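Please read the structure below before turning to the comments.
Small disclaimer: the values here were computed from a predicted structure and weren't measured. This chain uses plain numbering: 1 for the first residue, then up along the sequence.
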Amino acid sequence: MDNSSATLLPDLLFEVSWEVCNKIGGIYTVLSTKAKTLQKIIKDRTVFIGPDVWTSDNPSPWFAECSVPGLTEWAAGASLPDGVSVRVGRWEVPGRPIAVLVKFDGMYAEKDSFYGEMWERFGVDSLHAYGDYDEGCAFGHASGVVIESILASGYRLPAEAIRKPGQRGRLKKYKFDVVAHFDEWTTGMGLLYVKWKLPSVATAFTTHATSIGRSICGNNKPLYDQMANYNGDQMARELNMEAKHSLEKAAAHQADVFTTVSEITARECEQLLERRPDVVTPNGFEKNFVPSGKKFDEARAKARQAMLSAASALTGTEHDDRTMIVVTSGRCEYRNKGIDIFLDVADRLRHTGAERNVIAYVMVPAWSRDAREDLRARLDSGETAFGQALCEPVITHNLNNPDTDPVICRIRQLGFCQPAPGVAVIYVPCYLNGTDGILDLSYYDLLIGADATVFPSYYEPWGYTPLESVAFGVPTVTTSLSGFGQWVLGAFENYFDECGVNVIGRGDSNYQDVVANIANSLRYLASSDSKDLKRISTAARRTADAASWTNFIRYYEQAYTIGIAKARARK
């Protein structure tokens, strides 16, 4: 990282998120992979703060409580509100950064008076709050109190840790710069608390997806064609999102520096939150989990065997290694993630054909129960060809809501429950953690076996899934409505041989064109020979390298410089 006078780096950085040591979605990946690069640059000067939602019977597998000089002593004597407690340790990800987990139950007792204070000071309208609003605000509030307590304790880093290059002797005139960085609306109350109580601290706020933009899409309204006509406050009232939107908007406006993850989301923020982000901070990646050499080949063979065996057992037809395995994954947001398009692409390939047989895997966790006993029995038998398909040979696990789940309903509607040569669709509606009872491999351990992935997102502020795919050398298809897709369009020529990615133009009114174009992309891959596929795989890995945190951390340099400069001006 550039340490020149033009760049102001924090001497102490707090980053607050609901997903610190708490793996829920893409923000966990953002922070946990960024941590390694931050440790290289400002080692142990970053303190991640997350929710302590764990118990002795269900401990966090990503947090190790241990001694951290200065912070452990603070925690032992910290005077915090009743019902607020902390644990200090390390986040068990590459770089092992410092982490503080906060139990925040005590903040509920102060909820009404605190909401009143936030209304008076910042105009946050919590009157119509419901659902997880109170929980997020209690955590955010508690996190702000914890930051205040840490700084009040006199916690400082050793002089050698913060001395600038070439600086000698005592640090009498040294400016100790603190940045408090808050991610998503769930931490917004923490940012406002710090803004109120600690004016010398620089505040940064990142929205990874606006709450009102996601709600507009989730309610099947056209976001992009009508973007210029939407008013965020009006839509929040219409969609019963007033509290979350009000908090997110206040945090965005009060932050010293406001960021988001892609240009498409920056435009969304400008329209719906009425503040243009100061810096676009694209999500970087660390692919240290990708095996190499002989281990890569072995892992790929194992993954393919698992997916081909499951498909053979379900359909009663043996699928050999020439079969093309295509995967989509992510959160089960049927329209936003483009699962609807993925299924229609499979249907189109079934009717128009491809050079190879295709298995289209939909790997999205839904409201699932246990693994199918009939499928498990077939897999345990060791046979490869059974002659007859299982009943409903398109799903690996039982669902609690088989009549209302949108994925299985569409699969049935398209007729995939009647196996036919050419294309099979298989729905894996569970978390792939290696113990699902059918595939018994983690998602990454399965992804390596795919021949292609498709992520035809409608609402995707960034999009880690296609980036993860190219890290494994698996070519991917995504859309121009994803942040990752837009980055690819700006950085590479848009074809597989150049970058391992094909970005399909998508809008509000070209659904069938998108289906046709993705089907053509998959046919191109299916007809490519081994030499071409190897070249495409190599190009995909180069794209992943270009999106590493080593390259993208500079955008955070810019953001922190803006924030620190504003905080210094207040001093």
Side-chain angles (χ1 to χ4, degrees), residues 1-2 6-20 27 30-35 37-38 41-42 45-50 97-98 100 122 136 139-141 143-144 146-148 150-151 175-211 247-262 265-266 269-270 273 275-284 461-462 549 552-571:
M1 181 177 276
D2 181 10
T7 301
L8 303 176
L9 304 182
D11 298 304
L12 183 58
L13 170 64
F14 296 99
E15 183 145 12
V16 183
S17 171
W18 188 260
E19 298 196 34
V20 169
I27 297 175
V30 175
L31 304 185
S32 63
T33 56
K34 183 175 67 172
T37 301
L38 286 174
I41 298 163
I42 48 174
R45 287 155 55 186
T46 302
V47 177
F48 286 99
I49 298 178
I98 297 169
V100 175
F122 304 112
F139 166 61
H141 185 188
S143 298
V146 165
I147 291 172
E148 180 183 35
I150 291 173
L151 295 177
K175 295 182 177 69
F176 191 83
D177 295 314
V178 181
V179 173
H181 188 167
F182 297 84
D183 292 277
E184 289 288 84
W185 73 264
T186 49
T187 67
M189 286 298 191
L191 183 144
L192 298 178
Y193 183 89
V194 170
K195 188 77 173 181
W196 169 29
K197 296 284 189 175
L198 303 169
S200 64
V201 173
T203 54
F205 182 64
T206 298
T207 182
H208 297 259
T210 70
S211 59
L247 174 55
E248 182 177 25
K249 185 176 178 181
H253 281 262
Q254 293 298 324
D256 290 316
V257 60
F258 176 40
T259 80
T260 194
V261 297
S262 63
T265 314
C269 292
E270 187 172 16
L273 300 181
R275 181 179 176 182
R276 170 79 185 182
D278 301 290
V279 184
V280 171
T281 52
N283 292 331
W462 176 246
W549 275 118
F552 282 178
I553 200 68
R554 68 180 184 271
Y555 299 109
Y556 282 91
E557 291 182 2
Q558 297 171 18
Y560 294 147
T561 296
I562 292 169
I564 290 170
K566 289 184 178 179
R568 285 187 178 184
R570 284 196 298 274
K571 293 178 186 179

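Gln254 has its side chain within reach of Leu191: a pair of non-hydrogen atoms, C-beta onward, lies under 4.5 Å apart. Looking at heavy atoms from C-beta onward, Val194 lies in side-chain contact with Phe182 at the 4.5 angstrom threshold. For the pair Val20/Val16, no side-chain contact is recorded, criterion being any heavy-atom separation below 4.5 Å from C-beta on.
Heavy atoms only, all atoms of each residue included: Phe139 and Gly50 are closest at CE1-C, 3.4 Å. A pairwise comparison of heavy atoms in Val178 and Phe14 identifies CG1-CE1, 3.8 Å as the closest pair. Across every non-hydrogen atom of Pro10 and Val179, the tightest pair is CB-CG2, 3.7 Å. Closest of all the heavy-atom pairs between Leu247 and Gly188 is CD1-C, 3.8 Å. Nearest approach of Arg275 to Val257, heavy atoms of both residues: NH2-CA, 4.3 Å. In plain terms, the two heavy atoms of Ala255 and Ala204 that are nearest each other are CB-C, 4.4 Å.
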Side chain to side chain contact (heavy atoms under 4.5 Å, CB included) assessment of Ile41 paired with Thr37
CA-CA 6 Å; Ile41 298 163; Thr37 301; 3.7 Å; yes
Between Leu273 and Phe258, is the side chain to side chain contact (heavy atoms under 4.5 Å, CB included) condition met? List the steps.
CA-CA 11 Å; Leu273 300 181; Phe258 176 40; 3.9 Å; yes
Given Leu12 and Leu151, is the side chain to side chain contact (heavy atoms under 4.5 Å, CB included) satisfied, shown in steps?
CA-CA 10 Å; Leu12 183 58; Leu151 295 177; 4.0 Å; yes
What verdict does the side chain to side chain contact (heavy atoms under 4.5 Å, CB included) test give for Tyr555 and Thr259, after you've listed the backbone C-alpha separation in whole Å, the side-chain angles of each residue and the deciding distance to 0.1 Å?
CA-CA 10 Å; Tyr555 299 109; Thr259 80; over 6 Å; no
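Going from atom CD1 of Ile553 over to atom NZ of Lys34 covers 6.0 Å, rounded to the nearest 0.5 Å. Here the straight-line distance linking atom CD of Glu248 with atom OG1 of Thr210 works out to 5.5 Å at 0.5 Å rounding. Rounding to the nearest 0.5 angstrom, the gap separating the CZ atom in Arg45 from the CG atom in Leu13 is 9.5 Å. The CG atom of Leu38 lies 7.5 Å from the CD atom of Glu15; values are rounded to the nearest 0.5 Å. Between the NE2 atom in His181 and the OG1 atom in Thr187 there is a gap of 8.0 Å [rounded to 0.5 Å]. If you take OG1 on Thr206 and CG on Leu31, they are separated by 9.0 Å, rounding to the nearest 0.5 Å.
Applying the side-chain hydrogen bond (donor to acceptor under 3.5 Å, both in side chains) test to Ser262 and every residue at least two apart in sequence or in another chain returns Thr265. Legend: residues meeting side chain to side chain contact (heavy atoms under 4.5 Å, CB included) with Thr33, ordered by chain and number and at least two apart, are Thr29, Glu286, Tyr464, Trp549. Partners of Asn283 according to the side-chain hydrogen bond (donor to acceptor under 3.5 Å, both in side chains) rule, which considers only residues two or more places apart in sequence or in another chain, do not exist here.
A donor-acceptor pair under 3.5 Å is formed between the side chain of Asp11 and the backbone N or O of Asp177. Proximity of a side-chain donor or acceptor of Arg570 to a complementary backbone N or O of Val201 within less than 3.5 Å is detected. Side-chain N or O atoms of Glu184 include none that pairs as donor or acceptor with a backbone N or O of Ser17 at under 3.5 Å. Of the possible donor and acceptor atoms, one in the side chain of Thr203 sits under 3.5 Å from a partner among the backbone N and O of Asp256. Using a distance-only test at 3.5 Å, with no hydrogens or angles considered, a donor-acceptor pair links the side chain of Thr561 to the main chain of Leu8.
For the residue pair Thr260/Thr207, the side-chain donor-acceptor check at 3.5 Å is not satisfied.
For Lys195 and Phe122, the positive end is not near the middle of the six-membered ring at less than 6.0 Å and at most 45° from its axis.
The aromatic rings of Tyr193 and Trp196 sit perpendicular, their planes meeting at an angle over 60°, well past the 30° parallel limit. Relative ring orientation between Trp462 and Phe552 is described as perpendicular, the plane-to-plane angle rising above 60° on a 0-90° scale split at 30° and 60°.
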